[in-house]
Amino acid sequence: MKDADVSKQIQQMIKFIRQEAEEKANEISVTAEEEFNIEKLQLLEAEKKKIKQEYERKSKQIDVRRKIEYSMQLNASRIKVLQAQDDTVNSMKEASRKALSRLANDKKVYRKLLRDLILQGLVRMREPSVIIRCRESDKKIIESLIEECKKDYMDKMRLQQPPRITIDERVYLPPPKNGNAADSLEPFCNGGVVMASEDGKIVLENTLDARLDIRKRLLG
């Protein structure tokens, strides 16, 4: 074989090897780029997912914090409303007590009120013998009312025999509050009576203060 032919074959082989190497290099480059793009997308997706999770976590935290703050504000508002209601009720109650105290000073009106309270107690208890406990300052008024109350009771209930009514002279109801001792914890009574059956099994508190408390409960 001539040197020219040998040289030509060598050149062809070199060209073939170079072409194959270039194709292989291109293939490797394309594969690497594809893998890089895939990995880049995976990293982007992972980062997006991480950011989304972090956003959702913070959103939940904000939502929980808002709910807690709203609940605290709502409770604070409720407490203020309840406190205002309580203050109003106590103020009205105190004003009513003062009005009752003034009522007891009007002898004509108070006498009629005591008569009505005793008659009401007799009708509700329907006992043949009743004991009345009153303030010591009201004893004389009630003594003067006993016969009237007996008659009123007999007429109202259509009875022939009057009930036996006695005043408890051993224990009296306490006096009203002193104006200078409004916050005192001592017991007090603005007027009215407490009535009991002779055996003590039935007790009816018909004081002005008890009636005021009943009205307060009914009004809420």
task = Please check if any side-chain donor atom of D138 sits under 3.5 Å from a side-chain acceptor atom of Y172, or the reverse.
result =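 Note: D138 and Y172 side chains miss the donor-acceptor criterion.
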Determine whether [X] and [Y] make a side-chain contact, defined as any pair of heavy atoms from C-beta on separated by less than 4.5 Å.
{"X": "N190", "Y": "F188", "answer": "yes"}
{"X": "V130", "Y": "S197", "answer": "no"}
{"X": "I118", "Y": "I142", "answer": "yes"}
{"X": "R65", "Y": "I68", "answer": "no"}
{"X": "I165", "Y": "L122", "answer": "yes"}
{"X": "E35", "Y": "I38", "answer": "no"}
{"X": "P128", "Y": "R164", "answer": "no"}
{"X": "M195", "Y": "L117", "answer": "no"}

request  = Tell me, with the steps shown, if E148 and K151 meet salt bridge (charged side-chain N to carboxylate O under 4.0 Å, His left out).
outcome  = CA-CA 5 Å; E148 293 179 35; K151 184 178 183 307; over 6 Å; no
request  = Over all heavy atoms of both residues, which pair between P174 and P187 is shortest? Give the atoms and the distance, please.
outcome  =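 Closest approach of P174 to P187: CB-O, 3.5 Å.
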request  = Give the minimum heavy-atom separation between A196 and M125, together with the two atoms involved.
outcome  =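 Smallest interatomic distance, heavy atoms only, reads C-CE, 3.5 Å.
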key: Residues that D168 engages under salt bridge (Lys or Arg N to Asp or Glu O under 4.0 Å), provided they are two or more places apart   =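 With sequence neighbours excluded, D168 shows a salt bridge (Lys or Arg N to Asp or Glu O under 4.0 Å) to R133, R170, given in chain and number order.
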Is [Y] reachable from [X] through a run of I, L, V, M, F, W or Y residues, each pair having side-chain heavy atoms under 4.5 Å apart?
{"X": "L204", "Y": "Y153", "value": "yes"}
{"X": "I146", "Y": "I131", "value": "no"}
{"X": "I167", "Y": "V194", "value": "no"}
{"X": "M157", "Y": "L119", "value": "yes"}
{"X": "V171", "Y": "V203", "value": "no"}

With no hydrogens and no angle check, is any side-chain donor or acceptor of [X] less than 3.5 Å from a backbone partner on [Y]?
{"X": "D63", "Y": "S59", "result": "no"}
{"X": "R126", "Y": "V123", "result": "yes"}
{"X": "Y110", "Y": "G192", "result": "yes"}

task = Decide yes or no on side-chain contact (heavy atoms from CB on, under 4.5 Å) for V193 and T207, but give the supporting numbers first.
result = CA-CA 5 Å; V193 294; T207 63; 6.0 Å; no
inquiry  = With salt bridge (charged side-chain N to carboxylate O under 4.0 Å, His left out) as the criterion, how do D152 and K156 come out once you've worked through the C-alpha distance, each side chain's angles and the decisive distance to 0.1 Å?
reply    = CA-CA 6 Å; D152 290 343; K156 190 175 186 66; over 6 Å; no
task = Start with the C-alpha gap between R57 and E54, add the side-chain angles, then the distance that decides, and say whether salt bridge (charged side-chain N to carboxylate O under 4.0 Å, His left out) holds.
result = CA-CA 5 Å; R57 185 181 68 83; E54 183 66 13; 2.5 Å; yes
inquiry  = Under the rule for side chain to side chain donor-acceptor pair (under 3.5 Å), what residues qualify as partners of E56, not counting sequence neighbours?
reply    =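 If we apply the side chain to side chain donor-acceptor pair (under 3.5 Å) test to E56, skipping adjacent residues, there are no hits.
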query = From K48 NZ over to Q53 CD, what is the distance, rounded to the nearest 0.5 angstrom?
reply =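 Here the rounded value is 14.5 Å.
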inquiry  = Using the rule given for side-chain contact (heavy atoms from CB on, under 4.5 Å), can you reason through Q120 versus R124, listing the C-alpha separation, both sets of side-chain angles and the distance that settles it, and then say yes or no?
reply    = CA-CA 6 Å; Q120 184 188 65; R124 290 181 63 184; 4.1 Å; yes
